Amino acid sequence: MREGMTPVPVRRRALRLWLGTRYFRARRWLWWRLGGVSFARRRTDPPCPYRCAAHATPLMRRFKDVDMWMQKNKVKNLRLAVARLDGMTLLPGETLSYWRSIGNPSCRKGYVEGMLLRNGQVVPGVGGGLCQCSNLLYWMTLHTPLTITERHRHGYDVFPDADRTQPFGSGATCFYNYLDLMIRNDTPHVWRLSLRVMDAELEGAWQCSAPQAFRYEVYEKEHRFQGEYWGGYTRHNVLFRRVFDMEGVPVGEEFVCENHAIMMYSPMLSEREQAARPQE
């Protein structure tokens, strides 16, 4: 990963953002229909009895300066999205599009204002909180032989590392419909996504029609914080994954992605300060 200075964040005017959003949404909508891609859909057959990758993340966390009502609404939004994603099945050659599967998270469909990250700030927005599901899906997919064909990294590192269990940069941001997460099945087997919103956690799993031949371990290299000339800090790393056969013998190492994010907190915070949570 090359070291270099990160330019000052650009603040776009509201009109430019509005026009850009409409343009890119229309372009993605046309590509979905004319791009020649075979998309996954919900199926019950064939059976996929082998659980190959699973993960769970807590639904409610206490973040500094974040009202808990936004997280409670996030859970409502996740239930609606999970109802569309659960059971999505990829035949060989098919692609799962996160946003094509969910659709536009609008008020008309029952979505409410939840927690959104916009230009490094936490703001309320309709459909907010669905990044938790895309983060979970991306992390699980990294532990399978499925191919990630589109993923967008988070441009801002908003919260400190207290209670973090995964490497920095191991999530996937999403914004309807052109910041998508897309996963293609390049294997000869059938894969099915399982998702559930439980009382305290969002649970997910990839199931397959055949047992998995390999297991994967995702880890980071070249992690660093960097002071910028404009007065802020940025964070950087590179993710790789080790590949093992089912007896634990290493068979390879693969590059996953490179991450760069503008930090919205001081990297000099103590562990006690990072772990601090406001009262509800």
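Since this is a predicted model, take the numbers as computed values, not measurements. Side-chain atoms are counted along with the backbone in the values below, which use heavy atoms only and exclude waters and symmetry mates.
Using a 4.5 Å cut-off on side-chain heavy atoms (C-beta onward), C174 and W99 make contact. Between L85 and C133, some side-chain heavy-atom pair lies under the 4.5 Å cut-off. A heavy-atom distance below 4.5 Å is not found between the side chains of E228 and I262. Looking only at side-chain heavy atoms (C-beta outward), L239 and E220 come within less than 4.5 Å of each other. Using a 4.5 Å heavy-atom cutoff, the side chains of Y111 and L80 are in contact. When side chains are defined from C-beta on, L136 does not count as touching Q132, because their heavy atoms never get closer than 4.5 Å. In this structure the side chain of R235 reaches within 4.5 angstrom of the side chain of H223, judged on heavy atoms. A 4.5 Å side-chain heavy-atom check between T234 and H260 finds every atom pair outside the cut-off.
Summarising the geometry of F255 relative to E258, their closest heavy-atom pair is CZ-N, 3.7 Å, with the distance given to 0.1 Å. Taking every heavy atom of both residues into account, E217 and R242 meet most closely at OE1-NH1, 2.6 Å.
When the side chain to side chain donor-acceptor pair (under 3.5 Å) test is applied to S101, no partner is found at least two apart in sequence or on another chain. Under the rule for a side-chain contact (heavy atoms from CB on, under 4.5 Å), the partners of E94 that lie at least two apart in sequence or sit in another chain are S38, A40, R43, L91.
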Next on the checklist: What verdict does the side chain to side chain contact (heavy atoms under 4.5 Å, CB included) test give for V190 and C208, after you've listed the backbone C-alpha separation in whole Å, the side-chain angles of each residue and the deciding distance to 0.1 Å?
Outcome noted: CA-CA 6 Å; V190 178; C208 189; over 6 Å; no

Checklist entry - Given Y265 and D157, is the side-chain hydrogen bond (donor to acceptor under 3.5 Å, both in side chains) satisfied, shown in steps? => result CA-CA 8 Å; Y265 59 92; D157 185 22; 2.7 Å; yes

Next on the checklist: Determine whether T89 and R192 satisfy the following criterion, side-chain hydrogen bond (donor to acceptor under 3.5 Å, both in side chains), listing intermediate values before the conclusion.
Outcome noted: CA-CA 4 Å; T89 303; R192 180 168 296 121; 2.8 Å; yes

Checklist entry - Between I102 and Y98, is a side chain to side chain contact (heavy atoms under 4.5 Å, CB included) present by the stated rule, with each step listed? => result CA-CA 6 Å; I102 295 174; Y98 185 74; 3.5 Å; yes

Item to check | Verdict with reasoning, W32 to D180, per side chain to side chain contact (heavy atoms under 4.5 Å, CB included) | outcome: CA-CA 12 Å; W32 280 345; D180 203 357; 4.1 Å; yes

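For residues 135-145, the side chain to side chain donor-acceptor pair (under 3.5 Å) pairs, not counting sequence neighbours, are N135-H154, T141-W206. Applying the side chain to side chain donor-acceptor pair (under 3.5 Å) rule to pairs touching residues 167-177 yields Q166-S170, sequence neighbours excluded. Every pair tested for salt bridge (Lys or Arg N to Asp or Glu O under 4.0 Å) that includes a residue from residues 122-136 fails, sequence neighbours excluded, so the list is empty. Sorted by first and then second residue, the pairs that involve residues 177-201 and meet ring-ring contact (aromatic ring centres under 6.0 Å, His included), not counting sequence neighbours, are F24-Y178, F175-Y178.
Formation of a donor-acceptor pair under 3.5 Å by the Q207 side chain with backbone atoms of C48 is found in this model. Panel note: side chain K221, backbone F240; no donor-acceptor pair is recorded below 3.5 Å. In this structure, K74 contributes its side chain and L59 its backbone to a donor-acceptor pair below 3.5 Å. D186 contributes no side-chain N or O that, together with a main-chain N or O of T147, makes up a donor-acceptor pair within less than 3.5 Å. In terms of modelled atom types and a separation under 3.5 Å, the side chain of R100 and the main chain of F39 share no donor-acceptor contact. A distance-only check finds a donor-acceptor pair linking the side chain of R151 to the backbone of G171 [under 3.5 Å].
In the displayed structure, R42 atom CZ is contacted under 6.0 Å by more than 12 heavy atoms of other residues, nucleotides or ligands. Other residues, nucleotides and ligands contribute more than 12 heavy atoms inside 6.0 Å of the CZ atom of R33.
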